[in-house]
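Before any comments, here is the structure.
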There are 2 protein chains.
Amino acid sequence: MSEAAPTDTLRRFNRTYTQRIGALDESFLGTGRPLGVSRLLFEVGPDGSGVRALRERLDLDSGYLTRLLRRLTDEGLVDLHPDPADGRRRVVVLTAAGRTAWRELDDRSEALARTLVEPLAPRQRERLVAALHTADLLVRAATVHLREVPPTEPVARRAAAHYFAELDRRFPDGFDPGEPDHAGTFVVATSDGVPVAYGGVRPIDRETGEIKRMWVHDEWRGAGLGSRMLRHLEDLARRLGHTRVVLDTNGTLLEAIAMYERAGYAHIERYNDNPYAQAWFAKALS
Amino acid sequence: MSEAAPTDTLRRFNRTYTQRIGALDESFLGTGRPLGVSRLLFEVGPDGSGVRALRERLDLDSGYLTRLLRRLTDEGLVDLHPDPADGRRRVVVLTAAGRTAWRELDDRSEALARTLVEPLAPRQRERLVAALHTADLLVRAATVHLREVPPTEPVARRAAAHYFAELDRRFPDGFDPGEPDHAGTFVVATSDGVPVAYGGVRPIDRETGEIKRMWVHDEWRGAGLGSRMLRHLEDLARRLGHTRVVLDTNGTLLEAIAMYERAGYAHIERYNDNPYAQAWFAKALS
DNA sequence: GACATTCTCTGACTTTAGTCAGACAACTGC
DNA sequence: GCAGTTGTCTGACTAAAGTCAGAGAATGTC
């Protein structure tokens, strides 16, 4: 059944979903405001937001967005301020009335979600929540965006910081990254602009590339992101002309070791003097 | 975590969904036709459809639907014929060009679904399919429609036929329903108009009501529909003034027996001469 | 400091989506 | 056979959603 065609299940679910829960969005209606305006108001959120960011998140034409915002300002729901950091940009903030209206939207959405969950018995409810949690994780994982980044770019720095922090947490004696070393080509996976996986390839010699700083965000474990990143880095190494990749790792990172083994990596002798490394791997690239 | 608030997971998923899978619907865009028209064309489907049915499925204003259909006929994609069974109704059928256009929509949707599933490794893909399958079942179950029906109404007859057919399949010596007996108040649960669960209450005396013909559609087992129907029937019995419900069942229906026990039913002595019954239950209604 | 680019905003549009009232034919129940 | 209902269609609307070109200020780049 699951063999048949995953797309069938997805499309069937899509149908069910748009018919029954799609109403979650339309619940924004009935507030006296059109859907688009409500959606915008909700997206601004209690903490405010930049106009630029809104345009990207909602994928709106700039002129159209201006007009939608005007409706909200006319209703006294939001205020527009220039961005102190960049005079061209503007920042939207909810007024007191806007916060009330926002809360109302939030309540409606919550109420609608409840009507969907309520008819189910506790056991079914748990199953539904678990299923949606898994689906959420995997759909997000599937739509993650992998791209090469200079390791000096902010996203890359943030990803690397996560990586180092995790090593520091997991190694019995902590971890000291030492001087930042930016040699190599790096790849970051982002979801909604947030880095969720990271890794790079550094050339050791003509044949050999070393895979560095493989990291997957805690909340994204178990979605296959690690293997996907690993495959991506292997492809990258191939493109860089390498015929073999190596990597080192610490003995405490058991899942990582298991993943390398699953991916066809073989244990080899120590090839570097990394004081934190306790296992070394290699794989031939075909 | 799942303890916290099921609605959080649902709402989070809803967000992920509208952003990433919601695009499945918009895959109908870019065909040179507006979304509404494409959606209608797709809904007509290769086998055609009644105008009435389309109106209900898509929840459209009748005047609006007529105009949308006119666009499709003008483009030569569908033909309208009067329904031979009812001169007021009309039936929509795809023309050859319409079938081509329909297939194009289907391909687009399929392609988009594939891009969503493809980045995942086989193991993750299976997990996603399983999760969506579960979610689909439970969302449908949660939005099932329970209502009282005269046992002579077509939906009720269909549900009862399913019930008798199942008994005939499961009892070692088959089952003969005998003369149709329509005494009692019956409840049918429907999803998209299809009966998925059925049951009724027949008064035995002032205090006691008997629960009859409890049935849940094969594909809907495990969604908690049985218990929900049972609770519904108990409420109904209470409303009818009963203080106690009884029921009989065959020993082969193990899940049913387990469910009755879970719901607080106690074994009692034989109270009727039903030749197929092998176990008798009772429960006091508070 | 010149030139290109980015960001917001305005004006002038079009299309899409949807509503409401009523006409008219076909059917249903009694 | 007649009253009431149902199903489709027309006409006359309105609001929502979205597009496109360009103006003008602020910023980045060399």
Side-chain angles (χ1 to χ4, degrees), chain A residues 18 22-23 25-44 48-75 78-93 153-154, chain B residues 18 22-23 25-26 28-44 48-75 78-93 150 152-154 193:
Chain A
T18 43
D25 286 355
E26 266 119 72
S27 72
F28 283 161
L29 278 172
T31 52
R33 271 181 287 278
L35 187 57
V37 179
S38 291
R39 202 140 36 195
L40 176 59
L41 176 63
F42 191 73
E43 201 65 35
V44 169
S49 179
V51 170
R52 184 67 231 277
L54 288 172
R55 217 172 71 221
E56 288 197 341
R57 280 214 295 277
L58 296 171
D59 190 32
L60 295 171
D61 173 87
S62 62
Y64 186 31
L65 176 54
T66 301
R67 252 173 289 261
L68 288 177
L69 282 171
R70 170 87 129 266
R71 265 176 98 147
L72 291 176
T73 48
D74 285 355
E75 278 193 75
V78 305
D79 284 328
L80 274 170
H81 304 293
D83 186 337
D86 183 338
R88 292 167 301 182
R89 299 190 175 206
R90 328 211 101 210
V91 172
V92 199
V93 200
E153 204 179 277
Chain B
T18 43
D25 289 353
E26 265 115 73
F28 286 173
L29 285 172
T31 51
R33 270 181 288 278
L35 189 56
V37 179
S38 291
R39 202 138 40 191
L40 175 59
L41 176 63
F42 189 74
E43 201 65 38
V44 170
S49 180
V51 169
R52 184 68 231 275
L54 288 172
R55 215 173 73 221
E56 286 198 342
R57 281 215 294 279
L58 296 171
D59 189 33
L60 295 171
D61 173 88
S62 61
Y64 186 30
L65 176 54
T66 302
R67 254 172 288 260
L68 288 176
L69 282 171
R70 171 87 130 265
R71 265 176 98 148
L72 291 176
T73 48
D74 285 353
E75 280 192 75
V78 306
D79 283 329
L80 275 170
H81 303 294
D83 186 335
D86 184 338
R88 293 168 300 182
R89 301 191 174 206
R90 327 212 101 214
V91 172
V92 200
V93 199
T152 50
E153 205 180 277

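Reminder, nothing fancy here: chain letters follow the sequence lines and each chain counts from 1. None of these values were measured; they are calculated from a predicted model.
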Would a 4.5 Å heavy-atom cut-off, applied to side chains only, mark A:Val93 and A:His81 as touching? yes
Side-chain donor/acceptor contact of A:Arg88 with base of C:dT8 under 3.5 Å: no
I want to check one thing: is the phosphate of [N], taken as OP1 and OP2, less than 4.0 Å away from some side-chain N or O of [X]?
X       : N     : result
B:Arg89 : D:dG7 : yes
B:Arg90 : D:dC9 : yes
B:Arg67 : D:dC9 : no
B:Arg52 : D:dG7 : yes

Could you give the distance from CG (A:Asp61) to CG (A:Leu68), rounded to the nearest 0.5 Å? 10.0 Å
Which nucleotide in [options] has an atom nearest any side-chain atom of [X]:
X       : options               : result
A:Tyr64 : D:dG18, D:dG7, C:dA17 : D:dG18
B:Asp86 : C:dG18, C:dC27, D:dG7 : C:dC27
B:Arg70 : D:dT10, D:dT8, C:dG18 : D:dT10
B:Thr66 : C:dT8, D:dT19, D:dC9  : D:dC9

Give me the atom names and distance for the closest heavy-atom approach of A:Val44 to A:Ser49. O-CB, 3.8 Å
Within the 4.0 Å heavy-atom criterion, would you say [X] contacts the bases, only the backbone, or no part of the nucleic acid?
X       : result
B:Gly63 : base
A:Arg71 : sugar-phosphate
B:Leu65 : nothing

Want to settle it: does B:Ala53 or A:Asp61 sit nearer the 5' end of DNA chain D, counting the closest nucleotide to each? B:Ala53
May I ask you to decide if B:Glu43's main-chain N or O and B:Arg57's side chain share a donor-acceptor pair within less than 3.5 Å? yes
